[in-house]
Structure formats: C-alpha cells, structure tokens
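Just below is one structure, and these are the notes that go with it.
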Number of protein chains: 2
Amino acid sequence: MDVLELESFLPYRLYRLADAVSREFSRVYKDRHGLTRPEWRTLAGLGQHGTMTATELGEQSAMHKTKVSRAVAELERCRWLIRTPDEKDRRVEHLTLTKAGLAAYREMVPLAKAFERELLARLSTGERAAIVNGVAALEAALGRSKKEL
Amino acid sequence: MDVLELESFLPYRLYRLADAVSREFSRVYKDRHGLTRPEWRTLAGLGQHGTMTATELGEQSAMHKTKVSRAVAELERCRWLIRTPDEKDRRVEHLTLTKAGLAAYREMVPLAKAFERELLARLSTGERAAIVNGVAALEAALGRSKKEL
DNA sequence: TCTCAATGGTTACAAATGAAACCAATTTGG
DNA sequence: CCAAATTGGTTTCATTTGTAACCATTGAGA
C-alpha cells in the first residue's frame with residue numbers, strides 16, 4: 001500500500017521547523033514588548049526603511065493587508081508610529097516610527113541578530129550554507145512559478 | 001545605525017517560505033475534501049501508522065492537543081475514523097480510519113507525493129540536497145537544544 | 001465629463017487557534 | 001490504603017486570522 005511518511009514530507013518538515021524557530025524567536029518581541037508577529041514585522045519594516053505605506057509594508061513582509069492594518073493601528077495606539085497623509089493621493093498614508101518606536105526597534109535589532117547568530121552557530125559551516133542556500137533556492141523557485149500565472 | 005534586513009533574516013525567510021509552500025499544498029486537502037491542516041495531519045498520521053492515540057498523534061505531527069482533539073472529533077463526525085477505548089487504561093482511545101477515511105487517504109497520498117516531487121523538480125540537484133540537508137540539520141540542532149532543558 | 005474599474009485601507013463576521021481550566025482515570029509515595 | 005500528583009483528552013474563553021464586503025479616492029475610457 002502506498003504510504004506517506006509525514007516525518008520526511010518536505011512541506012510538513014518546513015512548516016514545523018519554521019514554526020519552532022518562529023516560536024522561539026517570538027520571545028524576543030513578545031515577552032519583551034508584548035508585540036504580535038505582525039506588529040514586530042511592521043516595526044522591523046519601518047525601522048529598516050524609515051517610511052512606508054501600508055501596502056508597501058504588506059509586500060515587504062508578506063502580510064495580508066488586514067494584518068498590516070491592525071498592526072499599524074495597534075502601534076499607532078501605543079504611539080510607536082504616526083501616519084501622515086499623502087499630499088497627492090489622499091487614500092495613502094505614510095507611516096513613520098516615533099522616537100519611542102525607533103527606540104524599541106533599536107533595542108530589538110541586536111537581539112534579533114543575536115538570535116539568528118546563535119541559531120546558526122549550532123550548525124557546521126556546511127550545514128549553514130545548506131540551509132541558507134536551500135531556502136534561497138526554494139524561494140526563487142516559488143517566485144518563478146508565481147510569475148508564470 | 002544598526003539595521004536588520006528582514007529579507008535576509010532567517011526566521012522570517014523560513015516562515016514565509018513554509019507558509020507559501022503550506023498554502024499551496026493545502027489545496028490538495030482543502031479544496032478537494034474541505035479538510036483543515038490539523039485534520040489532514042491526523043488523516044496522514046493514521047494512514048501511516050494504522051492506529052494511534054490522540055497523544056501519539058500530537059507527538060508525531062507536532063500539534064497541540066486541542067488541535068488533535070478537534071481534528072479527531074471532526075473526522076469522527078464525518079465517519080472517517082472510529083475510536084475504540086483501551087482495555088487497560090480507560091482514559092485512552094485508539095483511533096483508526098474507517099474504509100471511507102482510508103479511501104480518502106489513499107487518494108491523497110499520490111497527490112501529496114506529486115506535490116513534493118514537482119516542488120523539488122524546480123530545483124537543481126545541488127539545491128535539492130541543500131534544502132533537504134539544511135532542514136535536517138536545523139531540525140537536529142533544535143532537537144538537541146530541546147533536550148538540554 | 002461621466003461612468004466604471006481599480007486601488008489604499010478599514011471593518012464585520014466567521015473560523016482557527018492557544019492558554020488555562022477542567023473531568024476522569026491512573027499512578028505514586030507515604 | 002489513601003491523598004496528591006500525573007496523564008489522556010475535552011471544553012471554555014479570549015485572541016488571532018482570513019474572507020469578503022465595504023468606503024473613499026483615483027484613474028481610464030467613452
């Protein structure tokens with residue numbers, strides 16, 4: 001009989017791995033500042049780029065627009081970002097971190113980098129290359145097939 | 001200023017990749033039979049092992065016990081599995097697929113395998129090895145650090 | 001110019017999820 | 001032998017999520 005071994009099935013392994021890593025990493029932003037993942041990504045996007053619109057945020061961090069909308073609303077509520085309406089197109093809002101938001105971002109960046117570094121430190125040089133290149137290759141493959149639509 | 005490039009940040013990349021793959025794959029079980037991911041994993045576990053308890057299912061497929069509980073309840077409702085109480089320990093129930101459940105499983109296994117095959121077919125030989133070995137290495141690393149607790 | 005489609009973003013609603021409390025049965029240790 | 005801790009599994013409740021509908025604004029074509 002034809003059987004599927006779940007433990008070796010790539011989609012499952014990938015998901016479980018990402019979930020475990022993400023769960024561990026969430027301590028950096030959740031325990032420390034009570035952020036959700038969408039909120040953390042929003043913070044990260046704005047910290048990295050300075051000013052972005054909600055749509056750009058969604059594209060950069062692969063979030064559904066409702067997630068972005070809610071994350072932005074929450075960060076605005078706790079005064080970590082402000083919105084400024086676009087002059088030309090009144091549908092658009094430009095989002096920028098406040099001092100407080102930027103401070104939080106600056107505090108988290110080293111923690112994030114340390115997390116990644118320590119994660120990769122558990123691997124050999126070859127294994128590090130494998131995971132990084134493997135992920136890049138799959139990303140590229142998915143990107144390609146998306147364009148074919 | 002210290003900046004984090006989200007696009008290169010491994011936890012983010014991993015999560016986004018797994019999410020994309022999982023979303024695509026979900027068509028196999030969602031569109032076809034209206035299953036949720038926990039239901040699919042339950043089906044896959046039972047199809048693979050014949051008979052399992054809810055706890056075993058949770059361990060094998062990395063699901064929280066409430067997910068298992070609900071998935072099992074749903075599969076039972078649509079008569080894809082049956083529970084048989086354990087003789088020695090009356091807390092335990094042994095779960096087994098019915099004919100209908102097994103039929104659905106048999107139908108999905110080739111589709112799942114085809115999905116994985118086609119996904120990997122978009123990569124070169126070296127890239128395939130990289131992703132598989134890289135994932136295995138990270139899994140092992142996480143497994144190790146879990147034991148150290 | 002006027003209509004209709006598209007776009008930026010929010011909201012309403014239903015479904016999925018996680019944490020914690022819970023129940024029942026079992027094991028442990030005194 | 002019995003109280004307390006543990007275990008298998010379910011349920012409740014609050015939170016998160018996705019889908020789809022929605023509002024306002026802009027763009028494109030007749």
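Note on naming: letters A, B, ... go to the chains in the order of the sequence lines (proteins, then strands), and numbering restarts at 1 for each one.
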*Sugar-phosphate atoms are those with a prime plus P, OP1 and OP2; base atoms are the rest. Using that split, label each nucleotide of nucleotides 6-14 of chain C B, S or - for protein heavy atoms under 4.0 Å, 5' to 3'.*
BBSBBBB--
*Short N-O contact, D89(A) and R91(A), less than 4.0 angstrom*: yes
_Tell me whether R122(A) is salt-bridged to E24(A), with the criterion being a basic N under 4.0 Å from an acidic carboxylate O._
yes
For residues 99-107 of chain A, tabulate all N or O donor-acceptor pairs below 3.5 Å that involve a side-chain atom, not counting sequence neighbours.
residue: Y105(A); atom: OH; partner: L4(B); partner atom: N; Å: 3.1
residue: E107(A); atom: OE2; partner: R32(A); partner atom: NE; Å: 2.5
residue: E107(A); atom: OE2; partner: R32(A); partner atom: NH2; Å: 2.9

*Give a yes or no on whether a salt bridge exists between K113(B) and D2(A), defined as a side-chain N under 4.0 angstrom from a carboxylate O.*
yes
*Name the first nucleotide and the last nucleotide along DNA chain D (5' to 3') that come under 4.0 Å of a heavy atom in chain B.*
dT7(D) to dG18(D)
_Could you measure the distance from the CG atom of L17(B) to the OH atom of Y12(B)? Nearest 0.5 Å is fine._
11.0 Å
*In whole angstrom, what separates E87(B)'s CD from dA25(C)'s P?*
15 Å
*Mind calculating the distance between CZ (R37(A)) and P (dA16(C)) to the nearest angstrom?*
18 Å
*Got a salt bridge between R83(A) and E76(A), using NZ or NE/NH1/NH2 to carboxylate O under 4.0 Å?*
yes
*asked:* Quick check on the 6.0 Å ring-centre criterion: do Y15(A) and F25(B) meet it?
replied: no
_Can you tell me how far apart CZ (R70(B)) and CE (M63(B)) are? Round to the nearest 0.5 Å._
11.5 Å
*Grab the NZ-P distance between K67(A) and dA16(C) for me, whole Å please.*
16 Å
